[in-house]
Amino acid sequence: MLDSPYTLEDPERLLVDLNAAQRRAVTHAGPALLVVAGAGTGKTRVLTRRVAWLIAQGIEPWRVLAITFTNKAADEMRRRLEALPGGSQVWAGTFHRFGSYLLRRHGDEIGIDTGFTILDRDDQISVVKSIYRDRGLETSDLRPVDALSMISHRKNGGGGRTPVDLTHPGAAATFDTVAEEYARRLRTAQLLDFDDLLLEALRLLQESEAVATQVRERFAHVLVDEYQDTNVVQRDILMNLLGPDAGITVVGDPDQSIYRWRGAAVRNILDFDQDFPETETVLLERNYRSTARILAAAEAVIAVNRERHEKRLYTEAGDGAAVRVIRARNGEDEARIAAHLAATWQREGRRLDHIAVFYRVNAMSRGVEMALSQAGLPYVVVAGTEFFQRREVKDALAYARLVANPKDEAAFLRIVNTPRRGVGAASLQKLRVLADARGIALAEAACSARESGMSKRAVAGVERLLALLDRVRAMPRAPVAPILDVLLTGSGYYATLEDSDDILDRSRLENVRELVAYAREFEKREPEGDLATFLERAALVSDQDGYDGESGRVTLMSVHSAKGLEFPCVLIVGAEMNHFPHGRNLGDPASEEEERRLFYVAMTRAREELVITHAARRQTYMGDEPRVASPYLNVIPEHVLAREDHAAWGAPVEWGAGAGELPPPSSYGEDIVRETGSSLAPGMRVQHPYFGPGLLESLGGDGSDERVTIDFDTHGRKQILLRHARLERLS
DNA sequence: ACGTGGTCCTTTTTT
DNA sequence: AGGACCACGT
């Protein structure tokens with residue numbers, strides 16, 4: 001690009017298109033800088049420019065560490081910095097990748113074998129479940145996933161409340177056993193879970209003076225993006241990373257902290273100036289992304305939160321279109337409306353990849369996907385990890401993991417009998433006994449299968465597998481794709497899928513082949529990369545990594561995955577009480593605030609068009625249920641909204657493939673509320689947006705003072721001012 | 001050892 | 001409505 005600002009010839013060029021606050025951030029010279037950057041204020045740009053600025057000031061690129069929230073963001077930053085001499089030597093990546101990087105090089109200093117493999121969530125669950133089986137634990141005392149979240153909670157510094165209630169008899173004892181055995185198994189199998197990557201990296205910096213010194217001497221400046229979503233372990237890593245002359249820059253927005261549930265501590269950003277002395281704070285408040293109406297709507301929602309530090313976003317963009325709130329009859333209609341809107345936008349000349357649909361839970365993508373297909377609109381679901389979590393892909397990777405780490409228990413359990421080798425539960429039980437007796441990893445004990453007392457057939461099966469693995473390990477410095485090919489062919493994995501007449505196996509085969517293709521691509525992209533690196537990349541993909549902004553398709557994703565992105569047109573579906581905010585997060589003020597921040601994140605992704613939909617009824621696993629609009633929709637000032645009700649008029653409406661207009665909406669809001677109010681009578685079952693269902697006992701007052709008494713199922717008897725409450729009648 | 005069918009349970013978000 | 005788990009039969 002001709003006018004790229006990324007040049008060292010004239011560092012001032014790095015600043016020309018920045019506003020005053022952004023410039024202050026980019027050029028700051030002190031030891032610690034906190035950039036509080038509201039949504040759409042250009043923080044990514046500031047961060048990248050700052051790296052370039054530091055390099056222009058004479059810091060060697062390889063002495064810069066940039067921690068991003070996704071690999072995608074790291075790639076993006078590297079791409080921009082490439083224009084600078086040495087720019088590609090900046091270390092850019094996620095915290096987990098940095099942890100892995102340190103441990104791969106220096107782990108042995110603290111007793112971690114550098115040939116470790118990484119355990120993902122599915123693997124974690126399978127390890128825990130196998131502990132339950134081997135130790136005779138009861139899942140009714142404590143669910144394996146709950147044991148796991150407690151283990152994780154404990155490891156990452158335990159922000160927030162304890163995720164699981166251990167007062168249930170047997171739960172505490174079960175947890176202790178699981179936690180202890182889990183740690184032991186990971187250690188003997190040279191496995192690190194996601195939390196370990198951070199925790200052990202921290203321990204490395206704390207316990208090895210040599211490594212700490214080396215790292216501190218290397219990095220002259222550390223930059224961290226999305227600081228509001230870091231946890232205390234990550235903060236401690238930073239504190240241990242900085243040499244006396246090193247600088248640190250963090251960028252974030254407390255209002256966009258959405259990962260408390262996995263240990264993120266908003267306190268990190270709020271207390272940054274106490275953790276790092278001589279901090280200067282720069283506030284970015286000018287929003288370059290959204291129209292004034294969208295911004296006003298979003299601000300109204302976030303303003304309800306009490307735990308925040310005030311900041312005021314402003315935009316010089318025009319008012320823009322009204323934020324549309326659409327009430328649909330049910331979930332299917334809602335999805336059809338979403339597809340219809342996308343089709344309309346497209347007809348108006350919008351690119352499909354400028355349109356995004358966000359949902360609170362991934363399960364909601366299904367309905368939207370169906371509606372889009374029926375409308376003939378191409379779409380893409382952004383869930384990068386999804387591919388790597390498929391059974392067949394995990395199987396293939398498990399083979400590779402065993403090659404890299406012969407002790408990898410999770411990988412071993414996964415494929416020891418896939419395809420069938422006659423090694424069932426009974427055989428594995430015997431192997432476990434042997435492994436425990438010798439204090440070695442399960443997969444290691446497999447080498448002594450003969451001595452375990454397994455059946456002849458099982459021993460033969462295990463030995464066939466071991467021979468294959470040995471053969472591959474003997475391939476000297478082979479690239480990854482051939483390794484995978486030999487494994488999948490030699491094991492009979494390909495053959496099994498090819499010979500199957502199950503339709504699903506067709507696509508499984510394709511997925512496995514796609515993985516091999518991915519491996520080839522990896523080799524091209526990172527010629528230096530070995531098998532361990534490949535496996536690390538595969539283990540640490542993030543959902544956004546696969547996102548292509550120019551796919552030409554409508555983009556579907558969870559709100560969490562949408563973090564950091566922006567789209568001209570945004571649709572938020574499922575804006576209903578108990579769904580968004582999610583029912584599980586109601587009742588605890590801190591969780592409720594996080595839900596609201598999540599909604600705020602969703603809204604602030606939009607540049608020009610924001611449409612929020614909800615359904616009057618929805619099919620849930622409990623059956624067809626009446627739904628109440630999200631309370632968030634009640635705090636948005638009406639003058640920025642356009643409410644449309646497609647549920648009020650009886651008959652279902654067919655919206656064909658982008659044909660025609662939506663049926664004339666009835667307006668709702670004030671009118672409907674009063675209408676509903678006057679039709680209320682004692683004895684009715686009603687639904688309140690905050691208090692849920694209840695029995696209407698009496699009506700009183702008049703005019704604007706009209707009030708009702710309701711005995712709520714879960715909140716007891718309350719008097720409610722009718723003009724404040726959006727009551728709905730339940731059948 | 002392994003496939004089948006029935007039952008129960010569950011439903012958030014992800015590196 | 002879908003998946004995970006168990007019991008049973010081969």
Side-chain angles (χ1 to χ4, degrees), chain A residues 67-74 93-100 118-122 124-126 129 132-133 139-140 143-146 148-149 152 155-156 163 192-199 226 229-231 233-234 257-264 331 358-367 382-386 388-389 391 417-428 454-455 457-458 461 502 536-545 557-563 574 578-586 591 594-595 597-599 601-602 618-624:
Chain A
I67 305 278
T68 55
F69 199 70
T70 62
N71 304 306
K72 175 100 181 155
T94 64
F95 255 117
H96 287 89
R97 212 148 122 183
F98 181 65
S100 180
I118 300 169
L119 211 61
D120 72 16
R121 194 180 150 75
D122 285 348
Q124 289 182 292
I125 291 173
S126 74
K129 281 186 178 166
Y132 271 72
R133 274 193 298 276
T139 55
S140 52
R143 287 156 60 212
V145 288
D146 289 335
L148 211 45
S149 49
S152 174
K155 280 191 194 175
N156 62 35
L192 298 181
D193 64 23
F194 291 140
D195 300 324
D196 292 332
L197 292 177
L198 305 174
L199 208 51
E226 307 282 8
D229 278 321
T230 54
N231 65 29
V233 179
Q234 291 166 331
S257 172
I258 55 175
Y259 283 101
R260 196 185 76 105
W261 53 273
R262 77 173 195 204
F358 299 151
Y359 32 78
R360 176 65 180 82
V361 306
N362 289 113
M364 271 202 64
S365 76
R366 187 177 267 278
V382 176
T385 56
E386 205 177 57
F388 291 93
Q389 279 166 6
R391 196 178 71 192
N417 205 30
T418 312
R420 308 259 171 254
R421 291 187 185 88
V423 188
S427 300
L428 287 174
M454 283 195 271
S455 72
R457 191 157 61 125
D502 186 342
E536 181 202 281
R537 297 286 185 275
L540 299 182
V541 284
S542 50
D543 271 345
Q544 251 184 48
D545 291 347
M557 63 181 108
S558 73
V559 181
H560 280 90
S561 301
K563 174 178 169 136
N578 284 321
H579 179 79
F580 205 167
H582 198 276
R584 279 186 75 133
N585 286 339
L586 293 173
S591 301
E594 177 145 306
E595 285 289 314
R597 290 195 293 268
L598 190 60
F599 200 76
V601 167
R618 192 183 290 279
Q619 200 66 242
T620 72
Y621 71 99
M622 316 225 352
D624 183 49

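Labels below follow one simple rule: chain letters A, B, ... track the order of the sequence lines, proteins then strands, and each chain is numbered from 1. Predicted, not measured: the structure shown is a model, and the values here were computed from it.
Each of A:V145 and A:Q124 was matched to the nucleotide of DNA chain B holding its nearest heavy atom; the match closer to the 5' end belongs to A:V145. Where A:L198 and A:H582 meet DNA chain B, the nucleotide closest to each residue was compared, and A:H582 sits on the side nearer the 5' end.
Protein atom CD of A:Q389 is 15 Å distant from nucleotide atom P of C:dG3, rounded to whole Å. If you take CZ of A:R360 and C1' of B:dT14, they are 11 Å apart, rounded to a whole angstrom. In this entry the distance linking CZ of A:R584 with P of B:dT14 reads 15 Å, nearest Å. When rounded to the nearest whole Å, the span between CD of A:Q544 and P of B:dT14 equals 11 Å. B:dT12 atom P lies 14 Å from atom CG of A:L598, rounded to whole Å. Distance, A:W261 CH2 to B:dT14 P: 6 Å, rounded to whole Å. In this structure, CZ of A:R121 is placed 10 Å from P of B:dT12, rounded to the nearest angstrom. Across the protein-nucleic acid pair, A:M622 atom CE and B:dC8 atom C1' stand 15 Å apart, rounded to whole Å.
Using a 4.0 Å heavy-atom cutoff across all strands shown, A:S427 reaches sugar-phosphate atoms only and no base atom. Within 4.0 Å (heavy atoms only), A:R366 reaches no atom of the nucleic acid at all. When heavy atoms are screened at a 4.0 angstrom cut-off, A:Y259 is found touching the sugar-phosphate backbone but no base atom. Residue contacts for A:D120: at a heavy-atom cut-off of 4.0 Å it reaches no nucleic acid atom on any strand shown. Nucleic acid contact for A:S561: sugar-phosphate only, since backbone atoms but no base atoms lie under 4.0 Å from a heavy atom of the residue. Note on A:K129: only backbone sugar-phosphate atoms sit closer than 4.0 angstrom, heavy atoms only; bases stay farther off. Counting any heavy atom pair closer than 4.0 Å across all strands shown, A:A426 reaches sugar-phosphate atoms only and no base atom. Looking at heavy-atom distances under 4.0 Å, A:R420 makes contact with sugar-phosphate atoms alone, never a base.
B:dT15 has no stacking from A:F95 on its base ring, since the centres under 5.5 angstrom apart and planes within 30 degrees of parallel are not both found.
Taking every side-chain heavy atom of A:R262 into account, B:dT14 is the closest of B:dT11, B:dT13, B:dT14.
Donor-acceptor pairing under 3.5 Å is lacking for the side chains of A:N362 and A:S365. Donor-acceptor pairing under 3.5 Å is recorded for the side chains of A:S591 and A:R260. Using a 3.5 Å distance cut-off with no hydrogens or angles, the side chains of A:R97 and A:N71 do pair a donor with an acceptor.
Phosphate proximity of B:dT14 to A:S558: present, with a side-chain N or O under 4.0 Å from OP1 or OP2. Neither OP1 nor OP2 of B:dT11 sits under 4.0 Å from any side-chain N or O of A:N362. Neither OP1 nor OP2 of B:dA1 sits under 4.0 Å from any side-chain N or O of A:N417. Under 4.0 angstrom from either OP1 or OP2 of B:dT15 there lies no side-chain N or O belonging to A:R537.
Taking 3.5 Å as the limit, the base of B:dT15 and the side chain of A:H96 contain a donor-acceptor pair of atoms between them.
Across all their heavy atoms, A:Q544 and A:S561 have their closest contact at NE2-O, 2.7 Å.
Aromatic ring orientation, A:Y259 versus A:F69: tilted (interplanar angle from 30° to 60°).
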Carefully, step by step, assess A:K563 and A:M557 under the rule side chain to side chain contact (heavy atoms under 4.5 Å, CB included). CA-CA 10 Å; A:K563 174 178 169 136; A:M557 63 181 108; over 6 Å; no
